[in-house]
Amino acid sequence: MSADTPRETAETTADAQSDGPNYKHTLFLPKTEFPMRAGLPKREPEWLARWEDLKIYHRLRAKEGRKPFVLHDGPPYANGHLHIGHALNKIMKDMVVRSAQMLGHDSRYVPGWDCHGLPIEWKIEEQYREKGKNKDEVPVNDLRAECRRFAEHWIDVQRDEFKRLGCIGNWEDPYLTMSFEAEAVIAEEFMKFVMNGSLYRGSKPVMWSVVEKTALAEAEVEYHDHTSHTIWVKFPVIGGNPISSSEGDLRNFGEITDANVIIWTTTPWTIPQNRAVCFHPGIAYGLYKVTEAPEENWAKVGDTYLLADKLVEEVFTAARVEGYEKLRAVTPEELEAITCAHPFRGLDGAGGEWDYDVPMFPGEHVTDDAGTGFVHTAPSHGADDYNIGVRHNLPMTHNVLEDGSFRAELPFFGGLFTFDHKGREGKANPAVIDKLAETGALIARGKLTHSYPHSWRSKAPLIFRNTPQWFVAIDKPLGDGMDEYGTTIRERALNSIDKLGAWYPKTGRNRLHAMIEQRPDWVLSRQRAWGVPLTCFVRDLGNGEAEILRDEAVNARIAEAFRTDGADAWFADGAKERFLAGRNDADDWEMVTDILDVWFDSGSTHAFTLRDRDDGVWPADVYLEGTDQHRGWFHSSMLQSCGTRGRAPYKAVVTHGFALDENGQKMSKSLGNITAPQKVIEQYGADILRLWVALSDYSVDLRIGPEILKSTADSYRRLRNTLRYMLGALGDWDQGSSVDQDHMPELERWVLHRLAVLDGEVRKGYAEYDFQGVFQKLFTFATSHLSAFYFDIRKDALYCDAGDSMRRRAALTVMDALFHRLTTWLAPILAFTMEDVWLSRYPGDDSSVHLEDFPETPSEWRDEALAAKWSSIRAARRVVNGALEIARRDKVIGASLEAAPVLYIGDPDMAEAVRSVDMAELCITSALVLAAHEPPAEAFRLDDPAIGVVFERATGTKCQRCWKVLDDVGNHAHEGVCRRCDQALAGLE
RNA sequence: AUGGAUGUAGCUCAUUGGGUAGAGCAACGGACUGAUACUCCGUGGGUAGAGGGUUCGAGUCCCUCCUUCCAAACCA
């Protein structure tokens, strides 16, 4: 069938029962098999299978002469089904990958998974517990093997779920942090920190779970309400240091000499570890005397206490004091000068354990919101306490063992538990409280329910405990010569952040910068099993310091062993001998058995993926993750890379918000407001999910739910129909009959202009990751400019003109240009539907829209003067439409072809513009009279008073073929038609 | 608690350096029946989170407060 033959259909004869002749079969009506209803849930899997067969990803790699573009995938954790956040993230990545490819790059995407870590290890331990197995009796490498199998299972599940979303990538060969090669590289990267001297063993209180017997990272801690003991404790003042020029003995302090500093704490068990008391120089303190109290009260009449003024009332109420007086104010200088005794000082049976002096220090962390204004300070059991201890050289205590009990030799309290192995409170608190009461140091006690740290996994309360841990010093000059961005990790990171200059959205820059500015040294060690070990050896130097073995040959043996056997090699029998072979001091060295923080694993993906793989390029063009990754992957990758490469491993960072429900609340099982991606795919199809992403503003949190998905599907349907119409119009158009731009009507040239403008906007939008902007522009164009304007006007020419009319051929030429651009421009977003559209026009085993690039769009298509002119023509058209609407409402006409309005235009330039085109054609009326002067009073107007329309009915007879109402209908060879249709019919014979 | 974000029509978003708050979708009404479970035309709809301030004039600049989210398991 040629382009010049109208398609005959079976119904035409059945239709031909009206009065006159029926010419429907002589029209070029749209014709397409493309279904109006997409049926995405059923059909998407077919396209996926097709892409698999076509090996699309690898075909694209084979295109030569393209500049590589690498989006480096942040690895999801392999322990469950995908949720909507994963879907959002991977769909956005897919839009980046596909658009970069179609913009002309060689766009590579290697998906990855994070495999090590506590969540998986815990799952396996749970399985052990269910079987009554004790995990401590299971060989480490057996446990690790089970963890590996667990991760492998979920990788397979998630891979299928990601592919179902339509994501293109190297799914057969992803990167895994647990592959032997990755484990070897992670160890090598770690050993760089060993060799450059930034790794050190420190003693630091960390959040410690006595249940899991491990230190937890901040990321592994959650806060829940917990009821704690509260105690108010006397620290007797026993002396003072000289203040400035005064004589320097106790007499200077007068009554303070006999007073007690009162502290308040919610952790009585830390009292035995007290080494100081802190106050805030900005808080007003006073000396108070108890004047009235019950007989047996702990706080006795005559006692004198140092307290913050603001908290006096509260303290005395708690202490059941009935009367008190303020003796005088106390200055910060005085507070700093005094010295206290530990409340357990000199007790019988204590063996002098607590006979040291307790100094007073100013501290910014002290507040007068609660307590007494004085903070009891145990350097081994709190972050602020630790910092004060470091600053003032206080000794660290080691009284609390890893199971949460006091060391056996501690007087009075040895063997008592803070929390026991099930996370329940032990006897340490009551014992300390009893002892304080017994010695008269306690003036009040109570209970307090407050937000308290708990283990994210066991939900057991945590303690701060002083433990040996391995740290990376982030403010130490590395001396590795990679100093372009700074000499320390922190300097390099902060400079990288600014010199990168590409943050989408820009707020991401500030967030990461603030976090890295404030963060302490990186705690790398975890006392767990499922991970990459800290591959180093230490020996104690006797003074508490540790020496780390720095031996390139040993390091090389470790890396080689990991490459062949995986990190299990570290935990295998004979490992130490294997790695230290040839060293005659092997007995001096001890293997570290801690494993690395999993953030070090994922922070090293740039090394074993971007640097080492054949398809990798270092640094990445872009990282793209949720906002939580400022604390996570963006952060750890930055630190790791600044320590090993001297700069960030990425050139740009895109962050997106979190998916919330329709009311902006976070999704949770208890609220029942979860939108599961699998459900959306089942009900609507993955393209609807992808469209939801494109319609949302990812720079803030996104909302999703039934109503939003429904409206997303509505938008989809509208767009789909516009594309369907193009397919129908192009039906069997022959490319050979195309028309040059110069010979096209202005309407067509206006469309080409719009395309040229859009071409720039689409390319810029994709390059800046502005999917919402791209889609909105394309959607508005397709619906407002094409469907409601251009297509509507051109239906007449397309259906009724002679097949070879210039006007018709020009329209189809433009339609073809539209088709190629819209399908490719939308392909990164609606990956399935655009393939559907493309294949409908270009079927074939090797055909796919995803093998195409965005078409080159000639710059000559741009014509700003024409655009300005047509903008005023469209303004005039809106007024005509308005006038027709009135006539319609009054039931004067139905179809606009029944009208022949008079259009008044006062502005001469605008009148000239309108005169130069066929305004009746543009308004889809049978005729239109232009009057180049101000409209009469009765004319219909919109905003512009110089444009008016007076409605007139079209005179003449309705052409039976094109339905225009014209005077010449009936005067031609074919019955009941106009001149144009008569000639078109003649051409068909 | 603290730090970082956020709030404009029922929904998704514009409003870039203060100057009469705009689109699309939805809703409602109408037309067409040659895009037909489509298409076209039209209508209504807003205390811009709340309060205060600066200004001739504030969604926009400043302050206070509030919502929700992230930093903090399941987390992108």
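Within every chain, numbering begins at 1; the chains are lettered A, B, ... in the order of the sequence lines, protein sequences first and strands thereafter. Worth saying up front: this structure is predicted, and the values here are computed from it rather than measured.
Distance, A:Arg631 CZ to B:rC69 C1': 16 Å, rounded to whole Å. Between A:Ile674 atom CD1 and B:rA76 atom P the separation is 15 Å, expressed in whole Å. Taking atom OH of A:Tyr698 as the reference point, atom C1' of B:rC75 lies 19 Å away to the nearest angstrom. Taking atom CG of residue A:Asn89 and atom C1' of nucleotide B:rC70, one finds them 15 Å apart after rounding to whole Å. Between A:Leu702 atom CG and B:rC75 atom P there is a gap of 17 Å when expressed in whole angstrom units. Between the CZ atom of A:Phe34 and the C1' atom of B:rA35 there is a distance of 13 Å, given to the nearest Å. Counting to the nearest Å, the P atom of B:rU33 and the CD1 atom of A:Ile924 are 14 Å from each other. Taking atom NZ of residue A:Lys777 and atom C1' of nucleotide B:rU12, one finds them 15 Å apart after rounding to whole Å.
The side chain of A:Gln772 approaches B:rU12 more closely than any other nucleotide in the set B:rA35, B:rU68, B:rU12. The side chain of A:Lys891 lies closest to B:rG30 when the candidates are B:rC75, B:rG30, B:rA76. The nucleotide whose nearest atom lies closest to any side-chain atom of A:Arg511 is, among B:rA71, B:rA76, B:rC13, B:rA71. When the nucleotides B:rC75, B:rU68, B:rA5 are ranked by their closest atom to the side chain of A:Asn510, B:rA5 comes out on top. Taking every side-chain heavy atom of A:Phe658 into account, B:rC70 is the closest of B:rA5, B:rC70, B:rU68. Distance from the side chain of A:Ser711 is smallest to B:rC11 among B:rC75, B:rC13, B:rC11. Of the candidates B:rA76, B:rG34, B:rU12, B:rA76 carries the atom nearest the A:His86 side chain, counting heavy atoms from C-beta on. Here the side chain of A:Arg703 is nearest to one of B:rU12, B:rC70, B:rA76, namely B:rU12.
Checked against a 6.0 Å centroid threshold, the rings of A:His81 and A:Trp154 count as neighbours.
No aromatic stack links A:Tyr799 and the base of B:rG34, using centre distance under 5.5 Å and interplanar angle under 30°. With centroids closer than 5.5 Å and planes inclined by less than 30 degrees as the test, A:Phe791 and the base of B:rA35 fail to qualify as a stacked pair.
RNA chain B is contacted by both A:Ile708 and A:Met515; A:Ile708 maps to the nucleotide lying nearer its 5′ end (nearest heavy atom per residue). Residue whose closest nucleotide on RNA chain B sits further toward the 5' end, between A:Glu625 and A:Arg961: A:Arg961.
Geometrically, A:Arg754 does not engage A:Phe781 in a cation-pi contact, judged by NZ or CZ lying under 6.0 Å from the ring centre and within 45° of the ring axis.
Side chain to side chain, A:Asn510 and A:Trp503 fail the donor-acceptor criterion of an N or O pair below 3.5 Å. Judged purely by distance below 3.5 Å, without hydrogens or angles, the side chains of A:Arg724 and A:Thr32 never pair a donor atom with an acceptor atom. When only modelled atom types and interatomic distance are considered, A:Tyr716 and A:Thr833 share a side-chain donor-acceptor pair under 3.5 Å.
In this structure, the side chain to side chain contact (heavy atoms under 4.5 Å, CB included) partners of A:Ser699, at least two apart in sequence or on a different chain, are A:Pro505, A:Asp697. Checked against side chain to side chain contact (heavy atoms under 4.5 Å, CB included), A:Arg511 has the following partners two or more places apart in sequence or in another chain: A:Met515, A:Thr627, A:His630. Considering only residues two or more places apart in sequence or on other chains, A:Asn663 meets the side chain to side chain contact (heavy atoms under 4.5 Å, CB included) condition with A:Asp661, A:Gln665.
Counting non-hydrogen atoms under 4.0 angstrom, A:Gln629 reaches the backbone sugars and phosphates but no base. When heavy atoms are screened at a 4.0 angstrom cut-off, A:Gly626 is found touching the sugar-phosphate backbone but no base atom. Residue contacts shown for A:Thr627 are limited to sugar-phosphate atoms, with no base heavy atom under 4.0 Å away.
Annotation: B:rA58 and B:rG52 have their P atoms spaced 13 Å apart (nearest Å).
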Q. Nucleotide by nucleotide, 5' to 3', does protein get under 4.0 Å of the base (B), only the sugar-phosphate (S), or neither (-) in nucleotides 36-45 of chain B, counting heavy atoms?
A. SBSSSBS---
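Regarding contacts with the backbone of B:rC75, a side-chain N or O of A:His83 is found under 4.0 angstrom from either OP1 or OP2.
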Q: Evaluate the side chain to side chain donor-acceptor pair (under 3.5 Å) criterion for residues A:Trp633 and A:Asp114: first the C-alpha distance (whole Å), next the side-chain angles of each, then the deciding distance (0.1 Å), finally the verdict.
A: CA-CA 11 Å; A:Trp633 194 53; A:Asp114 199 8; over 6 Å; no
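For A:Asp943, the CG atom sits in a loose shell: 12 or fewer heavy atoms of surrounding residues, nucleotides or ligands are nearer than 6.0 Å.
For the strand RNA chain B, secondary-structure stems (runs of at least three Watson-Crick or G-U pairs, all distances below 3.5 Å) span B:2-5 with B:68-71, B:10-13 with B:22-25, B:27-31 with B:39-43, B:49-53 with B:61-65.
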Check: residues 768-776 of chain A side-chain donor-acceptor pairs under 3.5 Å, at least two apart:
{"unit_1": "A:Asp770", "atom_1": "OD1", "unit_2": "A:Gly773", "atom_2": "N", "d": "2.9"}
{"unit_1": "A:Gln772", "atom_1": "NE2", "unit_2": "A:Leu695", "atom_2": "O", "d": "3.1"}

